[in-house]
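We count ligands from 1, going down the list as the structure has it; atoms in each ligand are counted the same way.
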Amino acid sequence: MRYAILGGSFNPIHMGHLFLADAALSAFGYDRIILVPAYSSPFKPGAQGASARDRLDMLIASVPADARITIEDCEIRREGVSYTIDTIKDIRERYRPEGKPGLILGDDLARDFHKWRDADEIVSLTDIIIAHRLSAEDMPFPYPHKRLDNEIVELSSGNVRDRIGSGDAWSYLIPPGARFIIEDRALYGLSKQDTARPVIEVSRELIAGIENAVRSMISPSRFLHSRNVALLTQDLCKRYGGRFSMDPASGYLAGIAHDMCKSLPEAELVRLTRKDGKPITKLEKKKPTLLHARAAAVLLRERFNMHNKDILEAIRLHTMADTEMGPLAKALFIADKIEVSREHLSSALRDNRNFDDLDALFAAVLEETVAYLRSRSLTLSKGTLRLLDLIKGGSFEKNKG
Ligand SMILES: [Fe+2]
Ligand SMILES: [Fe+2]
């Protein structure tokens, strides 16, 4: 396999680094780029804001599922000042590359390359690739090398750090995985206030993985519906979560996943649903597409190892309201019915300033939903009818929570 090495502080990794790796891959036909974060650079000792572990974690989180990029932590494991010659020898020994590995250097580093430890030996062991970082002109470089004719990305780690520290926009300058780590760990002077959230039971990496899977399972318009439902469920958890414990991240995940089985064939819906241990009702037999809710709860548990009871319950009950619904299930049910692409219910329900209470909003949504279903002579589930009786009889108050 042909490798090229791209070293750096990656403090933090940003889109410019990944663009450079990608450009080198396509220009010279390497099979894989090895990103090597320095423990401490001889030129930037004591880099501030993030530990070696943070920087390594950010790199790993930034390139999920990209088989063209690998991450090598030898410099961090060695500790101390990182010298490129040591890394090259180590990589040659362990990776056994086909031919000389490439060594990608920005023209900002090329100027002082002659000062690097064992510069001549580096030149003899690698194919040096000079990339544009500072100047579109070819800066002189008095050693054998190739030139990468890349566009300059006007972005540096220092610039990203400054932006974070001063509260300027920065989130989309770096890969999402790295961003989540910066936010979760409040790196680079990010104020704790910006990151304050309820305890996260569901990590954003998990959500991102499930979101990607769901996107490939349903149509783009169904996915947009799901994403709107996710945002709305999250908002409802924030707004009404004071009285109940409703985790906004769980709300988002429930929304993203609730319709993941919507495009599966009916036989598959039945096969999955049988695994939840409850009988399939007469109504569900008559209309198996209703099972997409129960099937999604099973799939989320089986494929994604999700065992959060509130999330699974919310997804399971989103087509058929039932008296056993907890607050998260109610929030998802509401969001699914009033999301902006839905036209069955009155849009006044979207303005939740009209409702101080989650249960009041839920009751209003349920009543309108039932009226809509009746107007089209559609069958109501037993659970929905029980719930409606409860709301109408005024005993709903006792049952909530
Ligand atoms: Fe649904
Ligand atoms: Fe839906």
Kindly assign one of parallel, tilted or perpendicular to the pair His145 and Phe141, based on the angle between their ring planes and the thresholds 30° and 60°. perpendicular
So, at under 2.8 Å, which protein N, O or S atoms would a careful student list around the Fe ion (ligand 1)? Asp259 OD1, His292 NE2, His318 NE2
Kindly confirm or rule out a cation-pi arrangement of Lys337 over Phe333, judged by NZ or CZ under 6.0 Å from the six-membered ring centre and within 45° of its axis? yes
For the residue pair Arg179 and Tyr172, would you count it as a cation-pi contact if the rule is NZ or CZ under 6.0 angstrom from the ring centre and within 45 degrees of the ring axis? yes
Is Arg55 close enough and on-axis enough to Phe10, meaning under 6.0 Å and within 45°, for cation-pi? no
For the backbone of Asp107 and the side chain of Arg133, can you confirm whether one donor and one acceptor N or O come within less than 3.5 Å of each other? no
Within 45 degrees of the axis of the six-membered ring of Tyr83 and under 6.0 Å from its centre: does Arg117 put its NZ or CZ there? yes
